[in-house]
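Reviewing the structure listed below.
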Amino acid sequence: ETGVTQTPRHLVMGMTNKKSLKCEQHLGHNAMYWYKQSAKKPLELMFVYSLEERVENNSVPSRFSPECPNSSHLFLHLHTLQPEDSALYLCASSQGTSGPLQYFGPGTRLTVT
Amino acid sequence: GNSVTQMEGPVTLSEEAFLTINCTYTATGYPSLFWYVQYPGEGLQLLLKATKADDKGSNKGFEATYRKETTSFHLEKGSVQVSDSAVYFCALRGNNRLAFGKGNQVVVIP
């Protein structure tokens, strides 16, 4: 399998649930990202990991908790979410963090009920 | 800070029509500019880029010219196809960070 994969593709969860989103990249990249895509809003960068260390956290609420166990995998752990957290969550990877080209996964469509 | 503004609302047009999607930016220094495309059910893909003023990026019949004097990077295609239906995002890279616009849904009708 090539590129950036994300699972699950769709997720419905209640506000008291705990779930995790998974991202895997097969490109040999050393940087990974989480973005939030909401309707009628610009793409929002949430977290950046470079060489498995978090290098950026853009004021994301603590109910979102990222984890990067190695350079190929990235998780986003979710707990006590709010309905306004419903969105498409996109994972991306790149070689280094200064280049323009990020490869995106297909996203996880999250609905919080 | 750096930001990108795209025209409001979806764009619906007939096959073989001319497509323009406006993009303007605000940035310090000399950013690089990009257009990304997101096809249904997929992630974003880089469509084209321009790294300095007056550069023209092109790919798959799409073009955009980096206009520093008007801080714009409008996307154009002379004759769209149904397969061009997607969401298009304008983006810039400045200070080693990518900033995206809101995106425009393009629907091409046969």
Side-chain angles (χ1 to χ4, degrees), chain A residues 1-10 21-27 29-51 54-59 74 87-109, chain B residues 1-11 21-27 29-52 55 57 59 64 66 73 86-107:
Chain A
E1 199 168 4
T2 58
V4 181
T5 58
Q6 290 186 242
T7 54
R9 295 293 307 274
H10 300 272
L21 310 185
K22 179 182 176 182
C23 175
E24 187 172 358
Q25 58 95 2
H26 309 271
L27 300 166
H29 289 162
N30 58 13
M32 297 186 77
Y33 310 76
W34 279 116
Y35 284 89
K36 177 182 180 182
Q37 184 179 8
S38 305
K40 300 182 180 180
K41 286 186 177 181
L43 212 60
E44 300 171 52
L45 178 63
M46 300 175 72
F47 300 104
V48 181
Y49 276 82
S50 177
L51 299 172
R54 191 189 308 180
V55 297
E56 192 161 340
N57 172 1
N58 286 339
S59 302
L74 185 65
L88 182 69
Y89 288 85
L90 292 167
C91 175
S93 72
S94 65
Q95 185 58 29
T97 56
S98 60
L101 189 58
Q102 293 178 10
Y103 291 81
F104 285 80
T108 295
R109 174 68 63 186
Chain B
N2 297 337
S3 66
V4 175
T5 301
Q6 291 183 234
M7 50 196 276
E8 291 289 330
V11 177
I21 306 176
N22 290 341
C23 171
T24 57
Y25 67 90
T26 301
Y30 304 94
S32 296
L33 302 174
F34 313 92
W35 277 98
Y36 281 79
V37 59
Q38 184 179 30
Y39 297 105
E42 298 183 17
L44 279 69
Q45 304 172 29
L46 182 65
L47 179 61
L48 53 83
K49 65 179 180 180
T51 57
K52 61 183 188 297
D55 268 2
N59 186 24
Y66 190 143
F73 193 54
V87 182
Y88 292 82
F89 294 88
C90 187
L92 70 81
R93 179 171 66 87
N95 300 323
N96 287 336
R97 292 186 56 184
L98 274 175
F100 288 87
K102 295 181 182 181
N104 284 105
Q105 173 98 46
V106 171
V107 177

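Every heavy atom of this structure was used, including side-chain atoms; hydrogens, water molecules and symmetry mates were not. Reminder, nothing fancy here: chain letters follow the sequence lines and each chain counts from 1.
Open room surrounds OH on B/Y30; 12 or fewer heavy atoms of other groups in view lie less than 6.0 Å from it. No more than 12 heavy atoms of other residues, nucleotides or ligands shown are found within 6.0 angstrom of OH on A/Y103.
Taking the side chain as every heavy atom from C-beta outward, B/Q38 and A/L88 approach each other to under 4.5 Å.
Ranking B/G101, B/A99, B/G43 against chain A, the residue ahead of the rest is B/G43, based on heavy-atom pairs under 4.5 Å. Residue with the most contacts toward chain A among B/G41, B/A91, B/G103: B/G41 (heavy-atom pairs, distance under 4.5 Å).
Only the side chain of B/F89 comes within contact range of chain A, with at least one heavy atom under 4.5 Å from a heavy atom of that chain. In this structure, chain B has no heavy atom under 4.5 Å from any part of A/R109. Contact of A/L43 with chain B is made through backbone and side chain together, with heavy-atom distances under 4.5 Å. For chain B, the nearby part of A/Q37 is the side chain; its heavy atoms alone come within less than 4.5 Å.
Note: A/Q102 CD to B/F34 CZ = 9.5 Å, rounded to the nearest 0.5 Å. Summarising the geometry, atom OH belonging to A/Y35 is positioned 9.0 Å from atom CG belonging to B/L44; distances are rounded to the nearest 0.5 Å.
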